[in-house]
Amino acid sequence: MKLDEAQKITEGLIFAAPYPVSAHDLATILELEPVLVERIIERIREDFNDKAIMIRNVAGGYQFVTRPEIAPWIDKLGRPLVNAALSLAGLEALAIIAYKQPITKSEIEQIRGVRSDSAINTLMERELVVEMGRREGIGRPILYGTTDKFLMHFGLKSLEELPSRPDFTKLGETVE
Amino acid sequence: MKLDEAQKITEGLIFAAPYPVSAHDLATILELEPVLVERIIERIREDFNDKAIMIRNVAGGYQFVTRPEIAPWIDKLGRPLVNAALSLAGLEALAIIAYKQPITKSEIEQIRGVRSDSAINTLMERELVVEMGRREGIGRPILYGTTDKFLMHFGLKSLEELPSRPDFTKLGETVE
Amino acid sequence: MGYLVRLEIFEGPFDLLLNLIERDEIDILDIPIAKIAQEYLVYLKQMQEQDLVISGDFLVMAATLLQIKARMLLPHNPEVVATEDEQDPREELVGRLLEYKFFKEISTLLVDKWQLTATLYPRVVRRGEKKDPIYTNLIGDISIDQLAKLYEQVLQVVDDEDPVQKIHRRVSLQECIARVRQRLLAVKEGTFTELVTVKERYWVILTFLAVLELVRKREILAVQDGEFGEIYLQINPEYEEEIS
């Protein structure tokens, strides 16, 4: 397959997929090396420089989105606002789950210092968080973790993109 | 507003709209004459000539779609697997179509004694049967016939290889 | 007449504590516990005066602060301090505060990220835009000969029912049983509805009787989806083996 042809197909695949497509999936369909696919995506990025849409790398895949500067115009289309803001409580719980998943409700509450049932429920309703099974042991408490929708909603490539967490266990040393 | 800017916004609007947007709607949002909007859309069409996606005028509006030539590739993306076998109704309709093609729906129904819409649809979905044009005459009903896929599946080189019906000849004798 | 001070609402005791520490520009690693405990209690008192519900979590923290304060006031044993590092009574609290502070900062980062993402519109994938499925079982195990046989069966019904005979000729139960048996042998399984090729009361009853008879003879197996549900029929594999 010629590079130009591969590029065109890649463009079409990214456009048509109902979710962000990973380089791996693209490579499988195109029967090319993932490294080559990433080079192709760079070429597409350049070719769309003067267009209203651009490629975004999110939730482990690639997706076409409109450029931020035309957002005010798109708003006029009256697309339902899916991204209603979250409460502070919801954001705190989400931040904790993102870093410490899989995590139980009582562990979240210990960090936040307050009950978090309704915060967690809201996160689940909005599909930002899901139950990931249960922890072995007394009471077999439910474990929570974040979803791909969380990554997409917040424009994250993966959880690694979040700033790394200072190690609190070493605190004893610093206090001294 | 400059033409280039209007073009970019139009591109974004067509891309992001949840339905095909009409020139009228675009004109309202952009506060431009509909005639000008149509000229802008022509420009977008040209600009996307070398891209995998193009503007289609459908249902009174414009939308971006992938080009037909890359459809086979798009098809490979996340198609669900269905393992259900063909129903008895589907098999009956298939047998009738195989032997009596080209045949209309009402002829199939006459032979089977029951409505066969869903059976025929299933066969078309599975690409075992296709529309082969229309019969001349009242209502110009659609004619159905079997596909190459049908032949391939049964390992037949052509329709002549279908097992012959012994009763065809017998039928003639008895009628006589 | 008292005056109302609008109290800031805090997410929890850590949120309040952190706010006090930041307001007073205190080093979080060296919290003057007596001072902070005092301010914390003042805030709780104000909440009480304004009839705000003070959750138990706030009270637990108050108790913790007072406990740490008491431990800090205990005279140190100079010998112990000199030889071993005695644990600072604030250590656990500071650890938890730092951890909470980190996640609070992450929440504001998430807000920033969200605001940016909200300006990037992806395409709306319409619900009708479902992908065509790939049929992994296109026809089943049926061979072309079985398909031909099935065709014979279907035609036979038609032949039997030429316009003249249709009204007068009635198929016998024995004939109907033979027909149902043959059809199921050809296709292995199907539904009752599919068997009734002519939707007339006579045919429905006759076919039903035929099915009952074949079930009784254990030639076919039948399962129904509850009352008035579809009846699923299958040729009994044992019977099939027997006759082959």
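Each chain gets a letter, A, B and so on, in the order its sequence line appears, and its residues count up from 1.
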Which heavy atom in [X] sits nearest to a heavy atom in [Y], and how many Å separate them?
X: Phe150(B); Y: Ile144(C); value: CZ-CD1, 4.3 Å
X: Ser87(B); Y: Glu194(C); value: CB-OE2, 3.0 Å
X: Ala16(B); Y: Tyr121(C); value: CB-CB, 3.9 Å
X: Phe154(B); Y: Ser143(C); value: CE2-C, 3.7 Å

(request) Heavy-atom distances under 4.5 Å only: say whether Leu156(B) touches chain C with side chain, backbone, both or neither. (result) side chain
Is the [atom1] atom of [X] crowded by more than 12 outside heavy atoms at less than 6.0 Å?
X: Lys100(B); atom1: NZ; value: no
X: Arg45(B); atom1: CZ; value: yes
X: Glu69(B); atom1: CD; value: yes
X: Lys51(B); atom1: NZ; value: yes
X: Phe208(C); atom1: CZ; value: no
X: Lys188(C); atom1: NZ; value: yes

(message) Could you go through Leu88(B) and Thr191(C), starting from their C-alpha distance and side-chain angles, then the distance that decides it, and tell me whether this counts as side chain to side chain contact (heavy atoms under 4.5 Å, CB included)?
(response) CA-CA 8 Å; Leu88(B) 179 55; Thr191(C) 64; over 6 Å; no
(request) Please round to the nearest 0.5 Å and tell me the distance separating atom CG of Leu94(B) and atom CG of Leu150(C). (result) 9.0 Å
